[in-house]
Amino acid sequence: MPLPRPEIGLIVHYGFVWSGPDRGPPPDAGKDRPCLIVDLLPEEILGRKTLRVTYLPISHAEPRKGESAILIKPKIANYLGLTAEKSYLYTSYACEDDWPFDVVPVPGSKGKFHYGIIPPAFFNVVTETFKQYLAQRPDFIHKR
């Protein structure tokens with residue numbers, strides 16, 4: 001199955017690198033997990049066109065003090081094909097990377113790289129929370 005066309009609101013399986021003030025220096029590679037695409041930025045550097053993608057991670061771990069995450073309702077998680085465990089979409093961690101670097105197949109799928117697009121109302125809640133966090137900490141996005 002080919003890679004999906006990247007679009008805002010799409011959840012893909014990506015090697016997310018957790019980076020932040022209370023986390024050590026990021027490793028070379030991240031942990032593969034569902035991640036939400038929240039921004040797309042076409043760039044051209046030295047005649048080479050790239051697409052920079054900003055990802056927000058999804059995790060089963062509850063947010064710690066100082067972290068911002070939104071619980072994904074079971075109905076949405078089921079719609080996307082996420083596991084039955086509670087899932088949190090983090091808005092206090094973000095990673096920017098070239099598309100499709102580190103996008104990997106969804107576990108148990110036969111070459112499928114994405115889960116689907118989150119519902120618009122939930123996406124609006126996520127992006128508002130993300131914008132508020134970004135306004136307070138403009139340099140927090142880990143760039144690969």
Side-chain angles (χ1 to χ4, degrees), residues 1-45 48-109 112-144:
M1 184 173 283
L3 283 167
R5 184 177 63 96
E7 58 184 293
I8 292 177
L10 181 68
I11 295 179
V12 296
H13 210 69
Y14 170 73
F16 190 85
V17 174
W18 294 93
S19 175
D22 64 336
R23 296 185 181 253
D28 291 337
K31 179 181 177 188
D32 297 340
R33 65 177 59 254
C35 291
L36 172 66
I37 295 175
V38 291
D39 194 24
L40 300 169
L41 178 65
E43 286 186 339
E44 186 170 337
I45 300 172
R48 181 178 162 254
K49 292 181 181 182
T50 62
L51 181 63
R52 298 292 290 170
V53 176
T54 302
Y55 300 96
L56 299 181
I58 295 173
S59 175
H60 296 304
E62 289 190 30
R64 298 181 288 185
K65 184 178 179 183
E67 295 179 330
S68 174
I70 300 168
L71 180 64
I72 299 173
K73 293 180 181 177
K75 184 176 180 179
I76 294 172
N78 186 48
Y79 162 75
L80 294 169
L82 300 174
T83 64
E85 289 182 63
K86 282 186 181 178
S87 294
Y88 298 86
L89 203 155
Y90 278 78
T91 56
S92 56
Y93 294 96
C95 190
E96 181 183 297
D97 204 351
D98 289 344
W99 177 264
F101 187 76
D102 262 352
V103 173
V104 296
V106 172
S109 73
K112 182 179 173 188
F113 295 86
H114 65 289
Y115 295 85
I117 295 193
I118 67 170
F122 183 56
F123 182 77
N124 291 340
V125 170
V126 170
T127 55
E128 276 308 308
T129 306
F130 177 59
K131 285 178 192 175
Q132 291 170 7
Y133 195 87
L134 188 56
Q136 297 169 11
R137 295 169 184 86
D139 297 335
F140 89 96
I141 296 176
H142 177 70
K143 298 182 189 255
R144 293 175 76 182

Q | Point-to-point distance, once rounded to the nearest 0.5 Å, from OH of Y115 to SG of C35 | A | 9.0 Å

Q) Stepwise, does the side chain to side chain contact (heavy atoms under 4.5 Å, CB included) test hold for T50 with F101? A) CA-CA 11 Å; T50 62; F101 187 76; over 6 Å; no

Q: Drop me the distance from S92's OG to Q132's CD, to the nearest 0.5 angstrom.
A: 12.5 Å

**Q.** Atom pair CG (L40) and OG1 (T54), whose distance is rounded to the nearest 0.5 Å
**A.** 8.0 Å

Q: Apply the test side chain to side chain contact (heavy atoms under 4.5 Å, CB included) to residues L51 and E43: give CA-CA distance (whole Å), side-chain angles for both, the deciding distance (0.1 Å), then the verdict.
A: CA-CA 6 Å; L51 181 63; E43 286 186 339; over 6 Å; no

Q: Mind listing the closest non-hydrogen atom pair of L82 and P34 along with its distance?
A: CD2-CG, 3.8 Å

Q) What distance separates D32 CG from D102 CG, expressed to the nearest 0.5 Å? A) 7.0 Å

Q. Hey, what do you get for CG (L36) to CD1 (I11), rounding to the nearest 0.5 Å?
A. 5.5 Å

Q: Would you sort out whether F123 and I118 count as a side chain to side chain contact (heavy atoms under 4.5 Å, CB included), showing the intermediate values?
A: CA-CA 6 Å; F123 182 77; I118 67 170; 3.6 Å; yes

Q.
Between V53 and D97, is there a side-chain heavy-atom distance shorter than 4.5 Å?
A. no

Q | Approximate separation, where rounding is to 0.5 Å, of Y14 OH and L56 CG | A | 11.5 Å

Q. Is there side-chain contact between Y55 and I37, with at least one heavy-atom pair below 4.5 Å?
A. yes

Q | Heavy-atom pair with the smallest gap, counting every atom of V12 and W99 | A | CG1-CH2, 4.2 Å

(Q) For K86 versus H60, what's the shortest heavy-atom pair and its separation? (A) O-ND1, 2.8 Å

(Q) Could you report the tightest heavy-atom contact between I72 and A77, atom names first, then the distance? (A) CG2-N, 3.8 Å

Q) Looking at V126 and I70, what are the two nearest heavy atoms and their distance? A) CA-CD1, 3.7 Å

**Q.** Nearest atoms (heavy-atom pairs only) where P119 meets I76
**A.** CD-CG2, 4.0 Å

Q: Report yes if the side chains of K112 and P105 come closer than 4.5 Å at any heavy-atom pair, otherwise no.
A: no

**Q.** Y93 and E67: CA distance, side-chain angles, deciding distance, side chain to side chain contact (heavy atoms under 4.5 Å, CB included) verdict
**A.** CA-CA 8 Å; Y93 294 96; E67 295 179 330; 2.6 Å; yes

Q: Taking the side chain as every heavy atom from C-beta outward, state whether L134 and I141 have any atom pair closer than 4.5 Å.
A: yes

